[in-house]
Amino acid sequence: MNKINYQKELDKVIEVLQRQQHEREGKVPRLFLHACCAPCSSYVLEYLSRYFEITVFYYNPNIYPPEEFGKRVEEQKRLIAQLPAEHPISFLDGPYEPERFYEMAKGLEQVPEGGARCFKCYRLRLTETAEMARAGKYDYFTTTLSISPLKNAEKLNEIGGQLAKDYGVDYLYSDFKKRNGYKRSTELSREYGLYRQDYCGCVFSMRERRAQQEAAARQEPAEPKLFL
């Protein structure tokens, strides 16, 4: 079975949208974009704001501690205010509901990062995004999560496609790490002086990261990981 190239799938959608705009002088399509943090969203916004009117939706009940959540929200707002964009970018912050994340994670607390707990977390956040996209009558919804080398783009797109059918809003298939998307996000983070956390966001990823750092300090071998 051939692996799907989600960047090419995105290219096809953009090509059709541009042709429709040119032929019909139609309005710019509206995209409801789930964002996990400012660094991840930087390249995605630079790229997609050429083709969409975007609302950035910050819904991440996994973030720990609460101070970290607030810091990421403020950085996201600051980036949107400063980033040049061809079409408007607005911001909507979702509620901070850590209890939903911990309920979801029950029984999976010891699963390493990148496993079943993360997949359930993808679904939790994308389900809220799909619900809000339907309520706001957006043309598309998607997430910035695929820009991270540690996030499973295939699983994200699988979940997004399922939710599109459930909620009746098109999912924008994508793999934003392609075409040096991750590299560009690091460049933009430096350019705008963005706060870049050293763990994915939840308490479990923070503990795993701290264990790696302690092992390194003791000069014990530990597999290095990149976090966004």
Side-chain angles (χ1 to χ4, degrees), residues 2-59 76-77 79-92 122 125-126 129-149 151-189 191-192 228:
N2 292 330
K3 201 169 182 180
I4 298 172
N5 186 319
Y6 291 106
Q7 178 60 52
K8 288 186 178 179
E9 294 301 307
L10 177 56
D11 289 341
K12 291 175 186 176
V13 171
I14 289 175
E15 183 180 346
V16 170
L17 291 175
Q18 287 188 298
R19 186 166 62 248
Q20 288 176 344
Q21 276 193 282
H22 178 73
E23 292 173 353
R24 305 175 189 174
E25 296 183 353
K27 65 177 183 179
V28 177
R30 298 170 68 229
L31 171 66
F32 200 62
L33 175 67
H34 167 265
C36 54
C37 61
C40 282
S41 70
S42 58
Y43 163 74
V44 179
L45 291 173
E46 180 185 65
Y47 174 28
L48 294 185
S49 63
R50 289 176 279 175
Y51 313 107
F52 298 91
E53 180 181 318
I54 299 173
T55 296
V56 174
F57 180 48
Y58 191 87
Y59 180 72
Q76 186 68 74
K77 291 178 179 178
L79 174 66
I80 291 170
Q82 296 179 1
L83 190 71
E86 186 170 335
H87 299 298
I89 302 173
S90 57
F91 178 78
L92 178 64
Y122 297 168
R125 290 184 278 175
L126 280 172
T129 304
E131 289 180 356
M132 295 294 290
R134 180 176 65 180
K137 298 182 179 179
Y138 285 82
D139 300 299
Y140 294 90
F141 74 100
T142 195
T143 178
T144 64
L145 285 167
S146 70
I147 200 168
S148 169
K151 299 297 187 292
N152 188 317
E154 186 173 1
K155 195 67 179 178
L156 285 163
N157 283 288
E158 176 189 318
I159 293 169
Q162 292 168 351
L163 292 172
K165 294 176 183 176
D166 293 342
Y167 289 91
V169 183
D170 287 335
Y171 182 75
L172 195 66
Y173 291 94
S174 52
D175 188 353
F176 294 118
K177 70 178 70 65
K178 300 289 187 181
R179 296 183 185 161
N180 291 318
Y182 174 71
K183 178 183 177 183
R184 179 58 179 158
S185 75
T186 63
E187 294 170 350
L188 287 166
S189 294
E191 181 179 338
Y192 287 92
L228 275 175

What verdict does the side chain to side chain contact (heavy atoms under 4.5 Å, CB included) test give for Y6 and L156, after you've listed the backbone C-alpha separation in whole Å, the side-chain angles of each residue and the deciding distance to 0.1 Å?
CA-CA 11 Å; Y6 291 106; L156 285 163; over 6 Å; no

### Query
Tell me, do F52 and R30 make a side-chain contact under 4.5 Å, heavy atoms counted?
no

Here the gap from L188 atom CG to S41 atom OG, rounded to the nearest 0.5 Å, amounts to 9.5 Å

Applying ring-ring contact (aromatic ring centres under 6.0 Å, His included) to Y47 and not counting sequence neighbours gives Y43

- Aromatic centroids of Y171 and Y140 separated by under 6.0 Å: no

In this structure, CZ of R50 is separated from NE2 of H87 (nearest 0.5 Å) by 10.5 Å

Interatomic distance, CD@E158 vs CD@E154, rounded to 0.5 Å, equals 7.0 Å

Salt bridge present between D11 and R179 (N-O < 4.0 angstrom) = yes

Heavy-atom nearest pair, L79 first then A38, reads CD2-O, 3.4 Å

When rounded to the nearest 0.5 Å, the distance separating CG of D170 from CG of D139 is 8.0 Å

By salt bridge (charged side-chain N to carboxylate O under 4.0 Å, His left out), K8 pairs with (sequence neighbours left out) none

- Can we say R134 and E131 salt-bridge, meaning some charged N sits less than 4.0 Å from an Asp/Glu carboxylate O? no

Between L172 and V13, is there a side-chain heavy-atom distance shorter than 4.5 Å?
yes

On a heavy-atom basis, the closest approach of G181 and I147 is O-CD1, 3.5 Å

Checklist entry - So do the side chains of L31 and T55 get within less than 4.5 Å of each other, counting heavy atoms only? => result no

Sequence neighbours excluded, the answer for ring-ring contact (aromatic ring centres under 6.0 Å, His included) partners of Y167 is none

Across all chains, not counting sequence neighbours, the ring-ring contact (aromatic ring centres under 6.0 Å, His included) partners of F32 are F57, Y138

Tell me if a side-chain donor or acceptor on S148 pairs with a main-chain N or O of L145 at a distance below 3.5 Å. no

- Item | S146 and F176, any side-chain heavy atoms less than 4.5 Å apart | yes

Exercise for review: Indicate yes or no: at least one non-hydrogen side-chain atom of S185 is less than 4.5 angstrom from one of S42.
Suggested key: yes

#### Entry: Audit row: T129, H34, side chain to side chain donor-acceptor pair (under 3.5 Å) steps and yes/no
CA-CA 6 Å; T129 304; H34 167 265; 5.0 Å; no

dist L33:CG -> F91:CZ (nearest 0.5 Å) comes out at 11.0 Å

Residue set satisfying salt bridge (charged side-chain N to carboxylate O under 4.0 Å, His left out) with E9, at least two apart, ordered chain then number -> K12

For the pair Y122 (side chain) and N152 (backbone), establish whether a donor and an acceptor sit closer than 3.5 Å, ignoring hydrogens and angles.
yes

Across all chains, not counting sequence neighbours, the salt bridge (charged side-chain N to carboxylate O under 4.0 Å, His left out) partners of K178 are none

Discussion item. Quick one, L45 and I54 - any side-chain contact, counting heavy atoms below 4.5 Å?
Written reply: yes

### Side-chain heavy-atom pair C36, R125 within 4.5 angstrom cut-off
yes

message = Between T142 and Y173, is there a side-chain heavy-atom distance shorter than 4.5 Å?
response = no

In this structure, CD1 of I80 is separated from OG of S90 (nearest 0.5 Å) by 7.5 Å

